[in-house]
Engineer: 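Okay, here's the structure, questions in a sec.
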Amino acid sequence: HNCLNYYFPNILYLMQTETDNQYSLVQSTDRTYALVNCLKAGVLLQDSSSEILFCNRAASEILGISKEEIYRRSVINLGMDMVYEDGSAVEEKDFLFDMAVDSKKAVGKIMGVWRPLTNDRVWLQVNAEPLLDQQGNVIEVVTSFTDITEHKEAREKLTSLYQHLEMRAFEIATTNA
């Protein structure tokens, strides 16, 4: 009886503390999920075998694939036609996921991804960051990507305009000589 009076308030306190901690964890998880879903950058979380565990809304929008189609696949199985800026195909061995897993370091590249639904290519700045456990093993990889299509097209137009102006200046200089 006295033992119960002594321990019961402590047990109630511990139970309440545990409930508060669980509630805080759920709130924190919900906030993190909401934050990642508000980003304009696409975010994929993949396990060490490259299965996609999470994708945010922007990933689905940028890739032109529903979230349902993305979940539980690997980038390889998404059937994406990917190229580098020079037009060469991104080979399976060159996927950033694999490079991040092998090097255990963050990697990044610019890639063009063909979107069959919109019949266009979107240019992405892609980064893959491995998440390591305490022993240094890769447990997950976070891949983020930003649509840089407008920036790339504007840069190409400026380069073309600059080359055209250089050519005209050379023509004028040789005509006046």
Side-chain angles (χ1 to χ4, degrees), residues 21-160:
N21 288 341
Q22 288 174 353
Y23 179 73
S24 293
L25 181 60
V26 168
Q27 274 190 318
S28 176
T29 302
D30 288 347
R31 271 192 237 115
T32 302
Y33 182 79
L35 173 69
V36 173
N37 262 317
C38 289
L39 295 173
K40 297 290 183 197
V43 177
L44 299 176
L45 177 66
Q46 296 169 268
D47 68 14
S48 59
S49 67
S50 85
E51 283 188 74
I52 297 172
L53 305 174
F54 172 82
C55 76
N56 70 345
R57 183 180 9 222
S60 172
E61 291 169 1
I62 292 169
L63 296 175
I65 300 174
S66 73
K67 288 175 85 170
E68 291 74 27
E69 291 177 71
I70 292 175
Y71 278 116
R72 290 318 215 182
R73 295 185 178 192
S74 68
V75 171
I76 297 165
N77 294 329
L78 285 176
M80 310 298 287
D81 168 23
M82 297 183 289
V83 296
Y84 292 115
E85 286 188 284
D86 66 2
S88 63
V90 176
E91 301 293 328
E92 192 174 314
K93 66 179 177 56
D94 296 327
F95 283 176
L96 292 185
F97 171 86
D98 295 319
M99 294 169 73
V101 169
D102 292 344
S103 69
K104 297 183 181 182
K105 294 182 181 175
V107 292
K109 295 204 184 233
I110 294 176
M111 297 180 179
V113 176
W114 182 256
R115 299 184 295 188
L117 292 177
T118 53
N119 202 31
D120 66 350
R121 186 169 305 280
V122 63
W123 287 96
L124 307 174
Q125 172 63 56
V126 184
N127 300 293
E129 176 85 32
L131 303 177
L132 309 176
D133 63 15
Q134 291 179 342
Q135 289 75 37
N137 300 311
V138 176
I139 52 173
E140 294 171 331
V141 175
V142 176
T143 302
S144 61
F145 45 93
T146 307
D147 183 345
I148 61 165
T149 305
E150 288 181 14
H151 174 75
K152 183 172 178 10
E153 289 171 353
R155 188 178 69 205
E156 288 171 357
K157 286 179 185 175
L158 284 173
T159 300
S160 176

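The shown structure was predicted, so the numbers you read here are calculated from the model rather than taken from an experiment.
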Engineer: Mind checking the OG-CD spacing from S60 to E69? Nearest 0.5 Å is all I need.
Structural biologist: 8.0 Å

Engineer: Hey, does F95 have a side-chain heavy atom less than 4.5 Å from the side chain of M82?
Structural biologist: yes

Engineer: Quick check for you: to the nearest 0.5 Å, what is the distance between D120 atom CG and W114 atom CH2?
Structural biologist: 6.5 Å

Engineer: Using modelled atom types only, decide if a donor and an acceptor are shared between the side chain of S144 and the backbone of G42 within a distance under 3.5 Å.
Structural biologist: no

Engineer: Mind checking whether V83 and R121 have side chains closer than 4.5 Å, heavy atoms only?
Structural biologist: yes

Engineer: State which residue, out of I110, L96, V113, fulfils the side chain to side chain contact (heavy atoms under 4.5 Å, CB included) condition with V126.
Structural biologist: L96

Engineer: Can you give me the closest heavy-atom contact between K40 and A58, atom names plus distance?
Structural biologist: O-CB, 3.5 Å

Engineer: Mind checking side-chain hydrogen bond (donor to acceptor under 3.5 Å, both in side chains) for D86 and listing every partner two or more places apart, or none if nothing turns up?
Structural biologist: S88

Engineer: Measure the CE-CD distance between M111 and E85 for me, rounded to the nearest 0.5 Å.
Structural biologist: 11.0 Å

Engineer: So, for P130 and A100, which heavy atoms are closest and what is the spacing to 0.1 Å?
Structural biologist: CG-O, 3.7 Å

Engineer: Nearest 0.5 angstrom please: K152 NZ to K157 NZ, how far?
Structural biologist: 12.5 Å

Engineer: If I compare all heavy atoms of S49 with all of F97, which pair ends up nearest, and what's the gap?
Structural biologist: C-CZ, 4.3 Å

Engineer: Quick one: list whatever passes side chain to side chain contact (heavy atoms under 4.5 Å, CB included) with D147, sequence neighbours left out.
Structural biologist: V122, L124, T149

Engineer: E140: which residues meet the salt bridge (charged side-chain N to carboxylate O under 4.0 Å, His left out) condition with it, sequence neighbours left out?
Structural biologist: none

Engineer: May I ask you to decide if L132's main-chain N or O and K104's side chain share a donor-acceptor pair within less than 3.5 Å?
Structural biologist: no

Engineer: Keeping R115 on the side-chain end and I62 on the backbone end, is there a donor-acceptor pair under 3.5 Å?
Structural biologist: yes

Engineer: From Q125 CD over to F145 CZ, what is the distance, rounded to the nearest 0.5 angstrom?
Structural biologist: 12.0 Å

Engineer: Locate the shortest heavy-atom distance separating W123 from Y84; write the atom from each residue and the value.
Structural biologist: CH2-O, 3.6 Å

Engineer: To the nearest 0.5 angstrom, please state how far the CD1 atom of I139 sits from the CG atom of D47.
Structural biologist: 10.5 Å

Engineer: With distance as the sole test, does N127 use its side chain to make a donor-acceptor pair with the main-chain N or O of T146 at under 3.5 Å?
Structural biologist: no

